[in-house]
Amino acid sequence: MTETLDITITKVAKSRLAETDFNNLPFGRTFSDHMFVADYADGEWKNFQIVPYGEIGLSPAISALHYGQSFFEGLKAYKHVDGKVSVFRPYMNAARFNKSAERLCMPELPEDIFVQSIAALVDLDKDWIPAKPNHSLYIRPFMFAIDPYLGVAPSKTYKYMVICGPTGPYFSKPLRVKIETHYSRAVEGGFGYAKAAGNYGGAMLPLKKAVEEGYDQLIWTDGKEHAYMEELGAANVMFLLDGKLITPSTRDTILKGVTRDTVLTLAREWGYTVEERRVSIAEVLEGAKNGKLTDAFGAGTAATIAPIGEIEHGGNLYTLPDPSQREFSKKVLKTLDEIRYGVTADPYGWNYMV
Ligand SMILES: *Cc1c(COP(=O)(O)O)cnc(C)c1O
């Protein structure tokens, strides 16, 4: 898009900043002063607005609620050491936003509208970005169907919105994970690769059970045989096995993470052999037994790099090397932080400056 987006801005009468406790920021509970809203009707996006964060009135018949025409994205803005503000790789999220939209029979949102809506909101609420290590502004763009119609058919009207809020570290300790061999998150031909709301609702019961059994997270496996690794909860999963970085190749069942791409890019740059392929449970557990599995972690925007401390499978618990001794994931996290907080150069152009 050559022109900037024409956004009508209505500011809050009084900011909630002063009453917000920045020393206590559990994920997803604190929201900034404003939000972005746009409407889709008659085949086009219109009414671009930034308004005070708050409730929205909707018909109880909207198809998002009944048939799940609803999906989201997740990305972060960072405050640099020199006070500048950037959003990390937003065009990657913009492209994935449209992949999700396509799969759910929802309208495409031009990538520039996606990025400019975020940049405008982040700029207005930039005082909400904590200037602290491991802290950022989590940004949640989403789209949902608003036709007040109970027929099972694609809606003709939609809302696109962006909300955001300050956040600190997501997982604070190494994860104890269970390899899930009963439930499935996604199947071939399904929509696991989309950030569709329904994928996360369906994942809640299996996770709840895993938590009751004493685990922090679960590793999803393929829906057919439960023999291959897919994802770690809502993050991509990676293993350093025999010195090589190994991760499941993306397909219908796997969300193609921006963090995943970022980590693989850095690993290749550093000369690691990177393998994107099917990763069997058997080879990972064998590596855990014989010591060739030296690192294992989840990679995602919310979780960043989340080390796996222990893995359970078939009644056996495998303990992995002490996360504080892991060369690879520590180096990735350090490098990522240095780029995102503007401590070092950004040779890949990953920071979108606001
Ligand atoms: C969002 C998400 C990821 C991570 O993607 P990022 O772009 O790195 O945040 C991985 N898996 C699932 C299922 C997700 O929803």
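One-based numbering, in listed order, for ligands and for the atoms of each. We're numbering straight along the sequence, starting at 1.
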Enquirer: Picking from Gln217, Glu213, Glu312, what satisfies side-chain hydrogen bond (donor to acceptor under 3.5 Å, both in side chains) with Lys178?
Expert: Glu213
Enquirer: Which ligand 1 atoms, with their elements, are less than 4.0 angstrom from a heavy-atom of Arg96?
Expert: 5 (O), 6 (P), 7 (O)
Enquirer: Can you tell me the protein heavy atom closest to atom 5 (O) of ligand 1 and the distance?
Expert: Gly257 CA, 3.4 Å
Enquirer: Is any side-chain heavy atom of Val354 less than 4.5 Å from a side-chain heavy atom of Lys84?
Expert: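 No. Closest side-chain heavy atoms not under 4.5 Å.
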Enquirer: For the 3.5 Å polar cut-off, considering only N or O atoms, please tell me whether Lys195 and ligand 1 meet it.
Expert: yes
Enquirer: Any nitrogen or oxygen of Thr259, side chain or backbone, less than 3.5 Å from one on ligand 1?
Expert: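 N/O-N/O distance under 3.5 Å: yes.
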Enquirer: Between Phe97 and Phe72, is the ring centre distance below 6.0 Å?
Expert: no
Enquirer: Phe297 and Val263: side chain to side chain contact (heavy atoms under 4.5 Å, CB included), yes or no, with the steps?
Expert: CA-CA 11 Å; Phe297 56 93; Val263 173; 4.2 Å; yes
Enquirer: For the 3.5 Å polar cut-off, considering only N or O atoms, please tell me whether Thr301 and ligand 1 meet it.
Expert: yes
Enquirer: Counting each atom of ligand 1 from 1 as listed, which ones have a heavy atom of Arg185 under 4.0 Å away?
Expert: 13 (C)
Enquirer: With nothing but distance in play, are any N or O atoms of Glu231 less than 3.5 Å from an N or O of ligand 1?
Expert: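 By distance alone, the answer is yes.
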Enquirer: Is there a side-chain contact between Phe239 and Lys244, using heavy atoms and a 4.5 Å cut-off?
Expert: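 Sidechains of Lys244 and Phe239: no contact.
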Enquirer: Give me the atom names and distance for the closest heavy-atom approach of Met353 to Ser86.
Expert: SD-CB, 3.7 Å
Enquirer: Is the gap between the ring centers of Tyr160 and Phe36 under 6.0 Å?
Expert: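 Here the rings of Phe36 and Tyr160 have centres that are less than 6.0 Å from each other.
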Enquirer: Consider every N or O of Val258 and every N or O of ligand 1, then say whether any pair is closer than 3.5 Å.
Expert: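 Such a contact does occur with ligand 1.
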Enquirer: If you count the atoms of ligand 1 from 1 in the order shown, which ones are under 4.0 Å from a heavy atom of Tyr200?
Expert: 13 (C), 14 (C), 15 (O)
Enquirer: Tell me which protein heavy atom sits closest to atom 3 (C) of ligand 1, plus the residue, atom name and distance to 0.1 Å.
Expert: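 Checking every protein heavy atom, the shortest distance to atom 3 (C) of ligand 1 gives Ala234 O, 3.4 Å.
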Enquirer: Does the residue Lys256 have a heavy-atom contact with ligand 1, meaning some pair of atoms that are separated by less than 4.0 Å?
Expert: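 It does not; every heavy atom stays at 4.0 Å or beyond.
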Enquirer: Please report whether the ring centroid of Tyr352 lies less than 6.0 Å from that of Phe88.
Expert: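 Ring centres of Tyr352 and Phe88 not closer than 6.0 Å.
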Enquirer: Check each atom of ligand 1 against the heavy atoms of Ala235 and keep those under 4.0 Å away; list them by number with element.
Expert: 10 (C), 11 (N)
